[in-house]
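I have placed the structure first, in the form of structure tokens, so that the comments after it can refer back to it.
Reminder, nothing fancy here: chain letters follow the sequence lines and each chain counts from 1. Since this is a predicted model, take the numbers as computed values, not measurements.
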Amino acid sequence: MKVVSVKNIEKIFKVGKSTVTALRDISFEIEAGELFGLIGPDGSGKTTLFRILTTLMLADKGTASVDGFDVVNDYKQIRKRVGYMPGRFSLYQDLTVEENLSFFATLFNTSIEENYDLIKDIYVQIEKFKTRKAGALSGGMKQKLALSCALIHRPSVLFLDEPTTGVDAVSRKEFWDLLRNLQQQKITILVSTPYMDEASLCDRVALIQDGKILDIDSPKGITKKFNHPLWSAQADNMFKLLTDLKSLVEVNSCYPFGQEHHVTFKDVRESVNDMQARLHKLGHTSIKFKKIEAGIEDCFMDLMKG
Amino acid sequence: MKQFLFFVKKEFLHVWRDKRTMFILFGMPIMQILIFGFALTNEVKNTRIAILDNSKDETTAAIINQLQASRYFDVQETIQVNSELVPAFQAGNIKLAIVFPENFQEQLLHTHSAAVQLIGDATDPNTANTLINYASAIIIDYQSNLRNQIKFPYTIKTETRMLYNPQLKGSYNFVPGVMAMVLMLVCAMMTSISIVREKEMGTMEIILVSPIVPIRVVIAKMVPYFILSAVNIGSILLLSVYVLDVPIRGSLLLLVSECLLFTITVLALGLLISSIANSQQVAMLISLMGLFLPTIMLSGFMFPIENMPLGLRIFSNIVPAKWFYMIVRNIMIKGVGFEHVWKETLILIGMTVFFMVVSIKKFKTRLE
């Protein structure tokens, strides 16, 4: 069964006299029990799409349904059965951890006890702070509390808008482990993130840029489509290397990736030795090329180029 | 229902935990009543005056004695020459000067007529007027005593009685006004801010994606402020009666119900503001400029509406505080029953319904 189905959704915002198209002709479907990732940079339209699916906004064109209900006509039904965690921390800062949780439980006509088993793994980590005000929690703790609040009514679909933004690396990993556990409970999860490295943790991902979906597939499927050789390049002067590589006619693309640059050549048969010789002439020292497997980010960059 | 009650409890917690809100809610009404009661009064008491007595006879001495005996005046300095008058006014030492011409008594006895000059400092025209009136009254009083001694056959005496407020106490006037002001502040401003805060903090977003009917959220927000306002009404009335000696001549039950009706009117106004405003600052500005100022200026509490230009007089009709002020003044001070305030009450009810309907219509079930 398709739990989320989006067809030709389009959304246009008016900014003063001009208009900004936030979503262009978006279509996709999510299977029950899937952990689906929406990957894209800031401003690509992720939050707008989430708000349309959680019935907070109306699309200008197209239709969408969640759990079999139309987002426009049956919005009341959807509001009963989805869990939503907005990108910004949106709990009551002046209420304690426990008060926040029981407030959201009562809001959905349930109680903490009734669904405690579902949030237990998450809540035990913050339970020792239950009398602390939510505003005084650390970033990671806030996210765990927000997730507990979004889950307390046992939703069938969970919408998490950038849950790991602004959270430290350890907490991010913990958070994804928690999502994996939730999947076991037969909850369909739609999560958005600007971090490409998190894409591989999803069952399927949609790459979104400028309101357009670039590709939808499993993380493996996406990287498999990257069909030309990819090289990582290193040299003593990394900054000069980047500008020089970009200026060479033989180079197709070159992006900085942490400690190295990822390079593709226009001719797939291009030899690395020739390349090194060219760079040597430009004054580079200890140039190293290494053949590597493409990651999601490489694919994203490639798709973005068109 | 459980949902609703929990919401109300949550709202109470918000108020309870914010010290500034608590201060505005409970400190302000008491402070306003006390400040208006004791400090900001336009009654005349112990005003410093100067007397230039060019005659220095029995009559002038008697008049000066009477002036000094009244609690309105405090004869500060006796001036010997005309030229000292202007500097005394400029230095701000005196607000009023009384000048007796030479041979005052002689003129009075022989020509049956003598003139006294009253010079007021009209920098503040209202005070100057009041002072002149009081001083004239004292002089006229002396004159009529004189007449009685001489047995003058034809006299017309005016006898004045100030109904409902014989001592012309200012507090009779401002207690209803302060009540309107406080309720405006507590209900309209605080509710609108607290609803808008949910929008600003993003909590509205989560609440919307839940089974609760949005309008219930808002009604739940009004309940705590309604209860807090009731507490404020009580404390203002207690302070007025026991500290400021303002009587409640009409029915207490009627008075309290009218106050609660006005509370609901203003709550509805707050709701309306919150559906327009998108940030706490905007909500605060609209409440202050759009509600607070008209309440002070156009309710008749500071300035009499009858003296205003036609445009303002018409505009004042849409200020709810005007009607409330009329009702409270009539019940508290005049002691009239419902049969004399039903029209105003009906207008307030009409306004309440109108505000409620508009704001519920305007209330968004989505973000935009």
Closest contact, heavy atoms only, [X] versus [Y]:
X       : Y       : answer
R88(A)  : E200(B) : NH2-O, 2.9 Å
D94(A)  : H14(B)  : OD2-ND1, 2.7 Å
L95(A)  : K10(B)  : CD1-CG, 3.6 Å
G202(B) : S90(A)  : O-CB, 3.4 Å

Original post:
How many angstroms lie between atom CG of L91(A) and atom CD1 of I206(B), to the nearest 0.5 angstrom?
Top reply: 5.0 Å
**OP:** Any chance you could measure L56(A), atom CG, to R366(B), atom CZ, to the nearest 0.5 Å?
**Re:** 8.5 Å
Original post:
For the candidates I207(B), I212(B), L13(B), L208(B), which exhibits the highest count of non-hydrogen atom pairs separated by less than 4.5 Å from chain A?
Top reply: L208(B)
Original post:
Looking at side-chain heavy atoms only, is the closest gap between T365(B) and K76(A) below 4.5 Å?
Top reply: no
**OP:** Anything in residues 257-282 of chain B with a heavy-atom distance to chain A below 4.5 Å? Please list those residues in order.
**Re:** none
Original post:
Residues of residues 1-9 of chain B under 4.5 Å from chain A (heavy atom pairs)?
Top reply: K2(B), Q3(B), F6(B), F7(B)
Subject >> Check: R79(A) side chain, P211(B) main-chain N or O, donor-acceptor pair, under 3.5 Å >> reply: no
**OP:** Evaluate the criterion side-chain contact (heavy atoms from CB on, under 4.5 Å) for residue pair K80(A) and V209(B); output intermediate values, then yes/no.
**Re:** CA-CA 8 Å; K80(A) 274 183 205 163; V209(B) 189; over 6 Å; no
Original post:
Pairs in or reaching into residues 18-30 of chain B: which pass side-chain hydrogen bond (donor to acceptor under 3.5 Å, both in side chains), with residues at least two apart or in two chains?
Top reply: D18(B)-T21(B)
Subject >> Qualifying side-chain hydrogen bond (donor to acceptor under 3.5 Å, both in side chains) pairs with a residue from residues 205-215 of chain B, counting only residues at least two apart or across chains >> reply: R51(A)-E205(B), Y84(A)-E205(B)
Original post:
Which region of I78(A), side chain (C-beta onward) or backbone (N, CA, C, O), has a non-hydrogen atom less than 4.5 Å from a non-hydrogen atom of chain B, or is it both or neither?
Top reply: neither
Original post:
Tell me, side chain or backbone of Q77(A) under 4.5 Å from chain B's heavy atoms, or both, or neither?
Top reply: neither
Original post:
Is the NZ or CZ atom of R197(B) positioned over Y92(A)'s six-membered ring, under 6.0 angstrom from the centre and within 45° of the axis?
Top reply: no
